[in-house]
Student: 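Below are the structure tokens for one structure; questions will follow.
Just so you know, these numbers use all the heavy atoms, side chains as well, and skip hydrogens, waters and symmetry mates. Just so we're clear, the structure is a prediction, and the values are computed from it rather than from any experiment.
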Amino acid sequence: RGRDGLQVFAERVAAYADLHRRLDAVFPPWEPSYDMHLIDRRRAYLASAIRRERRDARQGDIFEPSAAAAFRGVITRALAGIDVELWLQDLYEECEVPAGYRPQMNAGYPHWATHEMPIVLLDALPALPAGIVYRLIGHDLLLWDVDANLIIDVLPDALPRAGS
């Protein structure tokens, strides 16, 4: 029997976290700062270094097929009995989601997406290494590297749609 999709996911996300730590180590340690230019510049340098190291990375490298199937199963079970479309409407109530927007791997996380990750999913999904968080945009699940402000993978259509 092959390895479980969630095990493969855990290994791949841990490998990404190791890469992040290795590249971040060349910078002086993070310090509390109100200088947003300094923070933004460091994030941009870190993101650039990560993109360079992962220049061959493709969507689905972390959410590979067995992990994608496992995640969709976990999410479907977590949202059983919930009207997903209505639930998403509530979640994005404060956000102006641009029409046709699809999150892209290696892009920054959109500034307009200010909603939190719903606890019903956080409780169901596997824990992540420090500095990497889950986010939802539409029906897609993202992995976001917060310090580098980088979307590191996207699981399209992670949430079930009405009638599916």
Student: Donor-acceptor pair, distance only, cut-off 3.5 Å: does the side chain of Gln104 make one with the backbone of Ala107?
Tutor: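 Answer holds: no.
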
Student: Assess, by modelled atom type and distance only, whether the side chains of Arg52 and Ser48 contain a donor and an acceptor separated by less than 3.5 Å.
Tutor: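 The answer is yes; a qualifying pair exists.
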
Student: Test your reading of the model: is there a side-chain donor-acceptor pair from Arg102 to the backbone of Pro156, 3.5 Å cut-off?
Tutor: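 No, the answer is negative, given that no donor and acceptor are paired below the 3.5 Å cut-off.
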
Student: Rounded to the nearest 0.5 Å, what's the gap from CZ on Arg55 to CG on Asn106? Could you check?
Tutor: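 Between Arg55 CZ and Asn106 CG, I get 12.0 Å after rounding to 0.5 Å.
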
Student: Hey, mind stepping through His20 and Asp145 against side chain to side chain contact (heavy atoms under 4.5 Å, CB included) and telling me if it holds?
Tutor: CA-CA 9 Å; His20 173 113; Asp145 180 332; 2.5 Å; yes

Student: What about Leu150 and Trp144, same hydrophobic cluster or not, with Ile/Leu/Val/Met/Phe/Trp/Tyr joined at side-chain heavy-atom distances under 4.5 Å?
Tutor: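 Yes, Leu150 connects to Trp144 through the hydrophobic network.
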
Student: Tell me whether Glu53 contacts the main-chain N or O of Ile50 through its side chain, where contact means a donor paired with an acceptor under 3.5 Å.
Tutor: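 No, the answer is negative, given that no donor and acceptor are paired below the 3.5 Å cut-off.
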
Student: Are Phe71 and Leu143 linked, directly or through intermediate hydrophobic residues, by side-chain heavy-atom contacts shorter than 4.5 Å (ILVMFWY only)?
Tutor: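 Yes, it is one cluster - the side chains of Leu143 and Phe71 are joined through contacts under 4.5 Å.
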
Student: Do the charged groups of Asp61 and Arg12 touch, with an N to O distance under 4.0 Å?
Tutor: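 Judged by the 4.0 Å cut-off on N to carboxylate O distance, Asp61 and Arg12 do not form a salt bridge.
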
Student: Can Arg135 and Asp140 be counted as an ion pair, charged N to O under 4.0 angstrom?
Tutor: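 Asp140 and Arg135: not salt-bridged.
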
Student: Can you pull out every salt bridge (charged side-chain N to carboxylate O under 4.0 Å, His left out) where at least one residue sits in residues 146-160? Sequence neighbours excluded, please.
Tutor: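 Only Asp157-Arg161 qualify under salt bridge (charged side-chain N to carboxylate O under 4.0 Å, His left out).
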
Student: Using a distance-only test with no angle check, is there a side-chain donor-acceptor pair under 3.5 angstrom linking His139 and Glu85?
Tutor: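 Result is yes, a qualifying pair exists.
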
Student: Would you mind telling me which of Arg43, Arg41, Arg42 makes a side chain to side chain contact (heavy atoms under 4.5 Å, CB included) with Ile39?
Tutor: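 Of the listed residues Arg43, Arg41, Arg42, the side chain to side chain contact (heavy atoms under 4.5 Å, CB included) partner of Ile39 is Arg43.
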
Student: Evaluate the criterion side chain to side chain contact (heavy atoms under 4.5 Å, CB included) for residue pair Arg54 and Tyr16; output intermediate values, then yes/no.
Tutor: CA-CA 9 Å; Arg54 297 180 77 223; Tyr16 174 86; 3.6 Å; yes

Student: Just by distance, do the side chain of Arg51 and the backbone of Leu46 share a donor-acceptor pair under 3.5 Å?
Tutor: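 Checking the backbone N and O of Leu46 against the side chain of Arg51, no donor-acceptor pair under 3.5 Å is found.
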
Student: Search all heavy atoms of Val154 against all heavy atoms of Phe63 and return the closest pair with its distance.
Tutor: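 Minimum heavy-atom separation between Val154 and Phe63: C-CD1, 3.8 Å.
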
Student: Hydrophobic clusters here meaning ILVMFWY residues chained together by side-chain heavy-atom distances under 4.5 Å, can you tell me if Leu91 and Leu86 are in one?
Tutor: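 No, Leu91 does not connect to Leu86 through the hydrophobic network.
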
Student: Applying a strict under-4.5 Å side-chain criterion to I, L, V, M, F, W and Y, I'd like to know whether Ile62 and Val146 cluster together.
Tutor: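 Yes, Ile62 connects to Val146 through the hydrophobic network.
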
Student: Looking only at heavy atoms, which two atoms of Ala67 and Gly5 are closest? And how far apart?
Tutor: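 Smallest heavy-atom distance, with atoms named: CB-O, 3.4 Å.
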
Student: Can you name the closest pair of heavy atoms from Ala17 and Pro129 and give their distance?
Tutor: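 Looking at all heavy atoms of both residues, the closest pair is CB-CB, 3.7 Å.
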
Student: Report the C-alpha distance between Asp24 and Arg21 in whole Å, list the side-chain angles of each, state the deciding distance to 0.1 Å, and finish with yes or no for salt bridge (charged side-chain N to carboxylate O under 4.0 Å, His left out).
Tutor: CA-CA 5 Å; Asp24 192 47; Arg21 275 191 298 277; over 6 Å; no

Student: Not counting sequence neighbours, list each pair that qualifies as a ring-ring contact (aromatic ring centres under 6.0 Å, His included) and has a residue in residues 111-138.
Tutor: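 Non-adjacent pairs meeting ring-ring contact (aromatic ring centres under 6.0 Å, His included): Tyr92-His115, Tyr101-Trp112.
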
Student: With clusters defined by side-chain heavy atoms of hydrophobic residues (ILVMFWY) lying less than 4.5 Å apart, directly or transitively, does Met117 cluster with Ile152?
Tutor: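 Yes; tracing contacts between hydrophobic side chains, which count when under 4.5 Å, links both residues.
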
Student: List the steps and the verdict of side chain to side chain contact (heavy atoms under 4.5 Å, CB included) for Leu141 and Ile75.
Tutor: CA-CA 10 Å; Leu141 180 68; Ile75 290 167; 4.1 Å; yes

Student: Just so I know, are the side chains of Leu159 and Leu79 near enough to count as touching, which here means a heavy-atom distance under 4.5 Å?
Tutor: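 Leu159 vs Leu79: side chains touch.
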
Student: Just verifying a value: how many Å separate Tyr109 OH and Ile151 CD1, rounded to the nearest 0.5 Å?
Tutor: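 Going from OH on Tyr109 over to CD1 on Ile151, the span is 7.5 Å.
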
Student: Looking at every heavy atom in both Ala78 and Ala124, which two are closest together, and how far apart are they?
Tutor: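 Nearest heavy atoms, Ala78 then Ala124: CB-CB, 3.7 Å.
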
Student: Between Tyr45 and Phe27, what is the ring plane arrangement, given parallel below 30°, perpendicular above 60°, and tilted in between?
Tutor: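 Answer is parallel, since the angle falls under 30°.
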
Student: Closest approach of Val84 and Pro160, non-hydrogen atoms and distance?
Tutor: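 Between these two residues, the closest heavy atoms are CG1-O, 3.5 Å.
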
